[in-house]
Structure formats: structure tokens, C-alpha cells
> 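Here it is, the structure in full.
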2 protein chains.
Amino acid sequence: MRSYGQYCSIARALDVVGDRWTLLIARELLLQGPCRFTDLKRGLPGIAPNLLSTRLKELEEAGLITREDAPPPIATVLYTLSETGTALEPVLKALGLWGLRFMTEERPDDAFQARWLAYAPEWFTTDADPDAPPAVIQLVAADEAAVVELRDGQVRTRLGRATEPDLLLEGPPRAVLGLINGLIDLERATSIGLTATGRTDLLTRLRPDDQDRGRTRDASRA
Amino acid sequence: MRSYGQYCSIARALDVVGDRWTLLIARELLLQGPCRFTDLKRGLPGIAPNLLSTRLKELEEAGLITREDAPPPIATVLYTLSETGTALEPVLKALGLWGLRFMTEERPDDAFQARWLAYAPEWFTTDADPDAPPAVIQLVAADEAAVVELRDGQVRTRLGRATEPDLLLEGPPRAVLGLINGLIDLERATSIGLTATGRTDLLTRLRPDDQDRGRTRDASRA
DNA sequence: CGGGATCCTCTGCGATACTG
DNA sequence: CAGTATCGCAGAGGATCCCG
């Protein structure tokens, strides 16, 4: 990317990660861990392979990722985030939290993956009752499944299905994620296609972080 | 910007602010407050006017800024951040904090402005001794001046010069900012051109936030 | 089949000039 | 001062092909 030519840490950060696709590549590596070229390509629907190749070179040169020849079983290259790359996590969290406000807009052709279903609760919600017994919530949206585990005051997630979830939330992505992230309430989520089976009381326990959202009324500059 | 076509809040955020210059425009409006076209142009050295014009339209359409005809005295248009736009502050802070690690690299042709000197201490440092009496530090770099005030446990900054600062830090931007942000120590800062006059003990009080930095040795690519 | 490289097209960006 | 008009070029997107 062409440099902004400004001695400002924001501009310098954007010199490095301001290019198209770059932060999304970091997102994939952060969520997936070390990846092969194809893993990244699958996690980034829409990216052209040559562009991915270019970006990976640039990121390696900038010191955000390393490429290693994986050990014998998989004789291929693995891309891994360096410490500098891993340090982007707060940036992605801040960006993702801010971006939640645009998730209510419908765009039916958007791609959707289980991983994006999973990271949202882990990054953007808190267990409101940390001392309560463990609980398991199953999320299903657009054939993608993720499990949310409330345990020890932590909200952890993983891909796939649980055997006996306490609560099952199933419906279109914007219903499931909208409810989880506090963009809409259960009634509204139900009206746009969500089915909630089981202990819906767990929804009050899985509390969305309110960094800046939540004040629908009034506004910024009083 | 062309949409990433992914139902993921990070991707959606980048759909809105991922374009070149967009986040830097937000930076200017956040640091300066409401701006005229020319104020923005001056704060963004290197931007082409047509591109600034295009971005302002896009940002208005996306709801991040509003344009208002300013009252009679200045009969011109003012661009102001909306609540959605103001909510980008955590994103810019995270990005700026991450970007600090690239500030040690020398690039003599980079533009530099007092505002970028001022926001760094306010955003990225803490008063390590909140109960100590107020103190004033004068920063001067590349003919740009800013004042840091330690008071009531807060680190506040403003542009310009103080009458009787307790400490004066003067030198090239990377010496002043590098020292302030904990990228280098006083000895190293002095060796690259910093002069510190007055109560250098205040430097221990102005403590850089250590989100991920502070490990100068060993470093990124282990 | 994984990991790219190559080619072509087209949009977006940068630079400068110009206008109300 | 606040933009618009024009133009050239770099970068993105898409498809195809290549190699181990």
C-alpha cells in the first residue's frame, strides 16, 4: 500500500493493515490459528487467490505473519500470526464491536460462516451471573452451528453441536446474532424467524457488552 | 467501497470505513471537532480534494458525519461527527496503540502536525501518581508544540505553548514521541537528539500504557 | 488437491487544473 | 474557500492455467 506519509501512529498502522482484505486475513488467522493457503481462501469468500498470495507476502515482510513448512504429516506451508500480528486482536475487537450496528441491515447474498457466529458471543458478551452453574447454548444459523459455554464467569465458544444444550437458538443469522449481541430483543428476533427452545432465561445471563450501543434515544453531543 | 459480502461485523465495519483515507478523516474530526473542508484538507496532508469530497459524501450517506451550514459569521459548511462516527474512537485508539510499534522506523519525509503530537499522550499514557500535584510538560518537535497537563489523575493535552512548564522536551518527533510512548528510554532519546530541560522525574509519572509494547528486546519475529 | 502464477479487465486512487 | 473536471496509472477482481 502506498504510505500516507504521516508521522502518526494511526496513519502508520494503516500503512501496514489498511489495504483491502488485510485485516480480514488477520481475523481468520486469529480465529483459526495457523492456516494453510486454502484454509484462508475458504475463510475469506470472495478473495482472489493472487491477491491473497500478495497480501501474505506483504504481511510476512511487515512481520505480522510467518510462514513455516509444516511437519511431515501435512507437507505444506502454514501461515501463523507473529506477536505483532496477534497484537491486532484489540483492533479487530473494537472494529467488530463498532460494526455490530450495521448487522441489522439485510443483505441476503452475504456469505456466512460458523466461525463468525462463534466469535461474536466470545468477544462481545459477558456472563452476567458468573457464579451460576455452567450452561450451554447451541446456536444454529444458515446451517452453521456453534456452541456457547458459560462457565467460571467466562463465555467460551466452539464450532459444531453440543449433545444436550440448555438452550437452542435457531434462525437466520441476523436473528441469532442480533439477539445475542443485543441489537434486538427476543420478541423481535422471533418475529424475524428465530426459534428458541429451552431455557430462554439464559438470555439475560449472556449479556451483550454495551460499549456505545444501547443508547438508541438521545445522542452524542448534548 | 465494494462490499466484502460477508455477514460478519468486522467485514461490515470495513465496508464502511475500510476505504483509503476514511479512518484518517474520522481521526481529524475526532481530534479537531467540527471542520470545514479546508481544515480537513490541511489536517490530511497528501489527500486529493476530489477524494476528500467523495469520502465526505460517502460518510454522510453512511451516517457517520453530518454537514451543516454554519451560522452567519462563517457562512460555510461544517462537517461534524455523528454519534456513530464518534463511536469510532475506540477503533482509532486501538489502531493507534498498535501502530506505535512502527514509529521507531525513520521516514524523514513524513508530514508531522502538532495535533498528532498532542493526542498520543492523552490516549496512550496514564498519570502513574494521580495524587501528586499538577504538572505541565511542554512538547516541541519539528516546530510543532503541544502541552501535556497532569492534573486530577488525568493526562490532558492542548496545542501550543505553556508559560512555565515544569519540563520541556524538545527534539525530533521520533525522539519526543518515542520517549513519551515508552518506545525508547531517556538515554536513547537523548542520543537521537532530544533535549530535556527541567523536572525529568516527571517522566516516570507520565507512564505509557503497555497494551502489548514494552518488550523492545526479543521482539516481534521470534 | 493444495499452492500458487498469469492474464486481462475495470474500478479506484493520485495529481493537477479549473470554477462558482 | 469549497469543491468539480479530467486524466493517467496502480491495484482489485475474475478466470484460467501450471506445478509438485
Side-chain angles (χ1 to χ4, degrees), chain A residues 1-6 11 14-25 28-29 32 34-62 65-80 109-111, chain B residues 1-6 11 14-25 28-29 32 34-62 65-80 109-111:
Chain A
M1 143 169 287
R2 185 192 173 93
S3 166
Y4 285 105
Q6 303 184 356
L14 290 172
D15 281 349
V16 178
V17 297
D19 260 325
R20 190 161 165 79
W21 291 106
T22 302
L23 281 174
L24 294 184
I25 293 171
E28 283 310 301
L29 288 169
Q32 290 200 43
C35 285
R36 294 172 300 179
F37 188 89
T38 313
D39 299 328
L40 288 169
K41 196 155 153 353
R42 251 196 291 273
L44 297 164
I47 196 172
N50 58 351
L51 195 50
L52 177 55
S53 179
T54 304
R55 289 288 175 271
L56 289 171
K57 277 178 207 140
E58 294 165 347
L59 287 174
E60 188 187 2
E61 186 157 4
I65 64 175
T66 59
R67 33 180 303 152
E68 344 162 5
D69 298 300
I74 27 166
T76 181
V77 176
L78 279 186
Y79 298 93
T80 308
D109 290 344
D110 273 3
Chain B
M1 143 170 288
R2 185 191 174 92
S3 166
Y4 285 106
Q6 302 183 358
L14 290 172
D15 281 349
V16 178
V17 298
D19 259 326
R20 191 159 166 79
W21 290 105
T22 302
L23 280 174
L24 293 185
I25 293 172
E28 283 309 301
L29 288 169
Q32 290 200 44
C35 285
R36 294 174 298 177
F37 189 88
T38 312
D39 300 329
L40 289 169
K41 197 156 151 356
R42 251 195 292 272
L44 297 165
I47 196 172
N50 59 350
L51 196 49
L52 177 55
S53 178
T54 303
R55 288 289 175 271
L56 288 171
K57 278 178 206 141
E58 293 166 348
L59 287 174
E60 187 186 3
E61 187 158 3
I65 65 175
T66 57
R67 33 182 300 154
E68 341 161 8
D69 297 301
I74 28 167
T76 183
V77 177
L78 279 186
Y79 297 94
T80 307
D109 290 343
D110 273 3

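Values below: all heavy atoms of this structure, side chains included; hydrogens, waters and symmetry mates excluded. By convention in this document, chain letters (A, B, ...) are assigned in the order of the sequence lines, proteins followed by strands, and residues within each chain are numbered from 1.
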> Closest heavy-atom contact between B/A62 and B/V16?
CB-CG1, 4.1 Å

> Any side-chain N or O of B/W21 less than 4.0 Å from the OP1 or OP2 oxygen of C/dG12?
no

> From A/L52 CG over to A/W21 CH2, what is the distance, rounded to the nearest 0.5 angstrom?
9.5 Å

> Polar atom pairs between nucleotides 18-20 of chain C and protein, under 3.5 Å, N or O only, would you list them?
none

> Side chain of A/R20, backbone of B/G18: donor and acceptor closer than 3.5 Å?
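Not a single qualifying donor-acceptor pair exists.
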
> Counting only side-chain N and O atoms of A/R20, is one of them less than 4.0 Å from OP1 or OP2 of C/dG12?
no

> In whole Å, I'd like the distance from the CG atom of B/L52 to the P atom of D/dC1.
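Distance check: B/L52 CG to D/dC1 P gives 14 Å.
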
> Mind checking the CZ-CG spacing from B/R2 to B/D19? Nearest 0.5 Å is all I need.
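Interatomic distance, B/R2 CZ to B/D19 CG, rounded to 0.5 Å: 12.5 Å.
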
> Tabulate protein N/O versus nucleotide N/O from nucleotides 2-5 of chain D, keeping only pairs under 3.5 Å, one per line.
from, atom 1, to, atom 2, distance (Å)
D/dA2, OP1, B/T76, OG1, 2.5
D/dA2, OP2, B/T38, N, 3.2
D/dA2, OP2, B/T38, OG1, 2.3
D/dG3, OP2, B/Y79, OH, 2.7
D/dT4, OP2, B/S53, OG, 2.5
D/dT4, OP2, B/K57, NZ, 3.2

> Can you check the A/E60 CD to C/dG4 C1' distance for me, whole Å?
14 Å

> Considering all heavy atoms of both residues, which atom of A/Y4 and which atom of B/L24 are nearest to each other, and what is their separation?
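In terms of heavy atoms, the two residues are closest at CD2-CD1, 3.5 Å.
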
> Can you spot which of A/T80, A/L78, A/V77 makes a side chain to side chain contact (heavy atoms under 4.5 Å, CB included) with A/R67?
A/V77

> Could you give the side-chain donor-acceptor pairs of residues 37-46 of chain A under 3.5 Å, partners two or more places apart or in another chain?
from, atom 1, to, atom 2, distance (Å)
A/D39, OD1, A/R36, NH2, 3.4
A/D39, OD2, A/R36, N, 2.9
A/D39, OD2, A/R36, NE, 3.3

> Are B/K57 and B/E60 ion-paired here, with the side-chain N under 4.0 Å from a carboxylate O?
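No.
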
> Over how many whole Å does the gap from B/D19 atom CG to D/dA12 atom C1' extend?
12 Å

> Distance-only, no hydrogens or angles: does the A/T54 side chain make a donor-acceptor pair with backbone N or O of A/N50 under 3.5 Å?
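Checked: pair present.
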
> In whole angstrom, give the distance that lies between atom CD1 of B/I47 and atom P of C/dT16.
15 Å

> Separation of A/E58 atom CD from D/dA12 atom P, in whole Å?
8 Å

> Tell me whether the OP1 or OP2 atom of C/dA15 has a side-chain N or O from A/R2 closer than 4.0 Å.
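For C/dA15, OP1 or OP2 has a side-chain N or O of A/R2 closer than 4.0 Å.
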
> Taking the side chain of B/R55 as heavy atoms from C-beta outward, which of C/dC13, D/dG13, C/dG14 is closest to it?
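In terms of side-chain proximity for B/R55, the closest of C/dC13, D/dG13, C/dG14 is C/dC13.
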
> I need the CG-C1' distance between A/L40 and C/dG4, as an integer number of Å.
13 Å

> Let me spell it out: for each of B/A48 and A/R42, pick the nucleotide of DNA chain C with the closest heavy atom. Which residue's pick is nearer the 5' end?
A/R42

> Which whole-number value in Å describes the distance from A/D15 CG to C/dC13 C1'?
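It works out to 15 Å between those atoms.
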
> Roughly, in whole Å, what's the span from CG in A/L14 to P in C/dC13?
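Rounding to the nearest Å, CG of A/L14 and P of C/dC13 are 14 Å apart.
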
